[in-house]
Amino acid sequence: MTGSGLPLEGVRVVEMTHMVMGPSCGMILAQLGAEVIKVEPPGGDKTRSLGGMGTSFFPLFNRGKRSVVLDFTRDEDRETIHRLLAGADVFLENFRDGQLDKQGLGAEDLRKRHPHLIIAGHKGFLSGPYDHRPALDEVVQMMSGLAAMTGTREKPQRVGSSANDIMGGMFGAIAILAALYQKRGGNRNGADIRIGLFENCLFLVAQHMVEYEMTGRKPRSMPEREHAWPIYDIFDTAGGDRIFIGVVTEGHWQSFCREFGLKEFAEDPTLRTTTDRIMARDRIIPRVAEEIKRWKAADLSAKLDSLNICFSPINRPEDLLRDPHVLRPGGLVNNVNADGKTFHVPALPVEWNGHNIGEGLKVPPLGADTEPVRAELERQQFSSTGNAA
């Protein structure tokens with residue numbers, strides 16, 4: 001879905017960000033229809049040249065934006081950024097505190113010169129004892145306890161994506177939308193928004209913090225946790241594939257036992273309640289594993305699907321490029337990289353009036369929009385001067 005009908009059409013965002021968190025915020029706003037102008041230094045955003053696991057960072061998180069190159073050692077370009085901000089609704093940045101002050105682009109300076117502006121700073125930490133520190137996704141996962149919950153105390157593990165960076169961009173977008181809504185109510189002033197990567201991760205771990213506060217028991221990590229269901233495990237199938245199965249309701253338990261030849265469990269008076277079954281996992285799971293291993297993965301999936309029981313193959317990211325649900329119309333969108341090559345991306349995980357969002361977005365070559373944007377600013381200035389005359 002592109003063009004007319006997107007909710008943020010008419011909103012202009014000026015973005016000075018790099019890596020993942022700030023660009024994620026701008027990417028979401030762009031997909032919702034905002035005009036996002038990414039201001040880059042003469043050498044470009046360093047993320048453009050990353051390889052390895054960082055290869056996807058720039059194209060993925062900068063789709064749908066315009067690229068303008070400005071050199072703040074030049075008086076003309078320092079004036080250009082303020083002309084851009086004068087006509088913008090939102091300014092995105094993710095520099096360390098104090099870094100933009102040197103360019104006259106700190107929040108205090110911007111508030112005086114552009115009081116209408118919504119300023120969203122994506123930082124390592126919110127205001128407090130750590131607000132001077134830099135942060136990375138892996139750093140805050142270690143600090144917040146998320147890595148300890150994902151792995152173990154002896155071997156903490158980060159989650160397998162830049163989850164906090166991306167979620168930080170989402171919280172930035174949420175706060176910006178709230179500020180835009182507030183302005184609709186007649187408030188002409190902007191807002192000064194700070195998004196913290198650490199606090200974002202803390203938000204994810206809150207369930208375990210509150211569990212400890214309420215029970216006094218230290219939460220156990222995911223590999224060591226107490227199971228809340230009698231069957232909630234990964235099993236081997238006949239062909240060597242593996243599958244996760246979760247049997248979580250009374251109806252599922254009865255139908256699972258019936259369909260998979262586990263009549264002895266369904267009729268066992270010592271297994272009447274979910275708690276009884278959890279306590280008996282030591283004898284239930286080996287028997288279930290024995291039955292599951294008789295099934296080929298495709299047949300097993302079809303059977304579980306017909307029983308409405310939760311299940312999943314153990315996929316890797318590359319497997320999803322063959323998944324029928326991912327490949328449904330609109331599930332993957334076609335985007336164009338800065339070099340002109342097409343790549344496929346999962347659509348924004350919402351449907352807007354029955355349509356998917358994000359088809360046809362382009363990654364801007366470095367500086368591709370510098371001259372067009374300068375020309376637009378000149379026309380706007382001429383129009384304003386002409387009207388005044």
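The basis for the numbers below is simple: all heavy atoms, side chains too, and nothing from hydrogens, waters or symmetry mates.
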I'd like to know if [X] and [Y] make a salt bridge, using a cut-off of under 4.0 Å between side-chain N and carboxylate O.
{"X": "D89", "Y": "K183", "value": "no"}
{"X": "R322", "Y": "D319", "value": "yes"}
{"X": "D97", "Y": "K123", "value": "yes"}
{"X": "E376", "Y": "R83", "value": "no"}
{"X": "R294", "Y": "E291", "value": "yes"}

Just verifying a value: how many Å separate [X] [atom1] and [Y] [atom2], rounded to the nearest 0.5 Å?
{"X": "M170", "Y": "M27", "atom1": "CE", "atom2": "CE", "value": "10.0 Å"}
{"X": "F311", "Y": "S301", "atom1": "CZ", "atom2": "OG", "value": "4.5 Å"}
{"X": "R158", "Y": "M142", "atom1": "CZ", "atom2": "CE", "value": "8.5 Å"}
{"X": "E267", "Y": "R272", "atom1": "CD", "atom2": "CZ", "value": "10.0 Å"}
{"X": "D241", "Y": "I314", "atom1": "CG", "atom2": "CD1", "value": "10.0 Å"}
{"X": "L366", "Y": "S67", "atom1": "CG", "atom2": "OG", "value": "5.0 Å"}

Task: Exercise: identify the closest heavy-atom pair between V333 and A347 - done: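 Looks like CG1-CB, 3.9 Å.
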- [ ] Grab the two heavy atoms, one from L117 and one from A88, that are nearest each other, plus how far apart they are.
- [x]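 That closest heavy-atom pairing would be CD1-O, 3.6 Å.
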Task: Partner residues of R74 under the salt bridge (Lys or Arg N to Asp or Glu O under 4.0 Å) criterion, sequence neighbours left out - done: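 Scan of R74 (salt bridge (Lys or Arg N to Asp or Glu O under 4.0 Å), adjacent residues dropped) gives E76, D77.
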Task: Contacts of R113 that satisfy salt bridge (Lys or Arg N to Asp or Glu O under 4.0 Å) - sequence neighbours left out - done: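 Salt bridge (Lys or Arg N to Asp or Glu O under 4.0 Å) check on R113 returns E79.
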TODO: For atom CE of M222, decide whether the heavy atoms of other residues, nucleotides or ligands shown that lie under 6.0 angstrom number more than 12.
DONE: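 For M222, atom CE is crowded (more than 12 foreign heavy atoms under 6.0 Å).
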Open item on the list: Angle between ring planes, H116 versus H114, binned at 30° and 60°: parallel, tilted or perpendicular?
Closed with: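 Ring orientation, 0 to 90° scale: perpendicular.
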If we ignore hydrogens and angles and just use 3.5 Å, is the side chain of [X] paired with the main-chain N or O of [Y] as donor and acceptor?
{"X": "T150", "Y": "V159", "result": "no"}
{"X": "S221", "Y": "G151", "result": "yes"}
{"X": "T237", "Y": "K296", "result": "no"}
{"X": "K46", "Y": "H18", "result": "no"}
{"X": "D276", "Y": "T273", "result": "yes"}
{"X": "Q157", "Y": "T152", "result": "no"}
{"X": "N200", "Y": "N164", "result": "yes"}
{"X": "R281", "Y": "I278", "result": "no"}

Are [Y] and [X] linked, directly or through intermediate hydrophobic residues, by side-chain heavy-atom contacts shorter than 4.5 Å (ILVMFWY only)?
{"X": "M149", "Y": "M167", "answer": "no"}
{"X": "V90", "Y": "L177", "answer": "yes"}
{"X": "L126", "Y": "L100", "answer": "no"}

Task: Those residues that, when tested against F343, pass side chain to side chain contact (heavy atoms under 4.5 Å, CB included) (two or more places apart) - done: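 Checked F343 against side chain to side chain contact (heavy atoms under 4.5 Å, CB included); matches are P59, R63, N335, N337, V345, V363.
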Task: Partners meeting side chain to side chain contact (heavy atoms under 4.5 Å, CB included) with E318 (sequence neighbours left out) - done: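 For E318 the side chain to side chain contact (heavy atoms under 4.5 Å, CB included) partners, ignoring immediate neighbours, are R316.
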Task: Identified salt bridge (charged side-chain N to carboxylate O under 4.0 Å, His left out) partner of R66 from the options E35, E15, E371, E40 - done: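 The option that passes is E35.
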- [ ] Write out all pairs satisfying ring-ring contact (aromatic ring centres under 6.0 Å, His included) with one or both partners inside residues 149-173, taking only residues at least two apart or from two chains.
- [x]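 Applying ring-ring contact (aromatic ring centres under 6.0 Å, His included) to every pair that reaches into residues 149-173, excluding sequence neighbours, yields F171-F203.
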Task: ring-ring contact (aromatic ring centres under 6.0 Å, His included) contacts in which one or both residues fall within residues 127-162, not counting sequence neighbours - done: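 Those involving residues 127-162 are F125-Y130.
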Task: Partner of I245 by side-chain contact (heavy atoms from CB on, under 4.5 Å), out of F256, F260, Y232 - done: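 Going through F256, F260, Y232 one by one, the side-chain contact (heavy atoms from CB on, under 4.5 Å) with I245 is satisfied by F256 alone.
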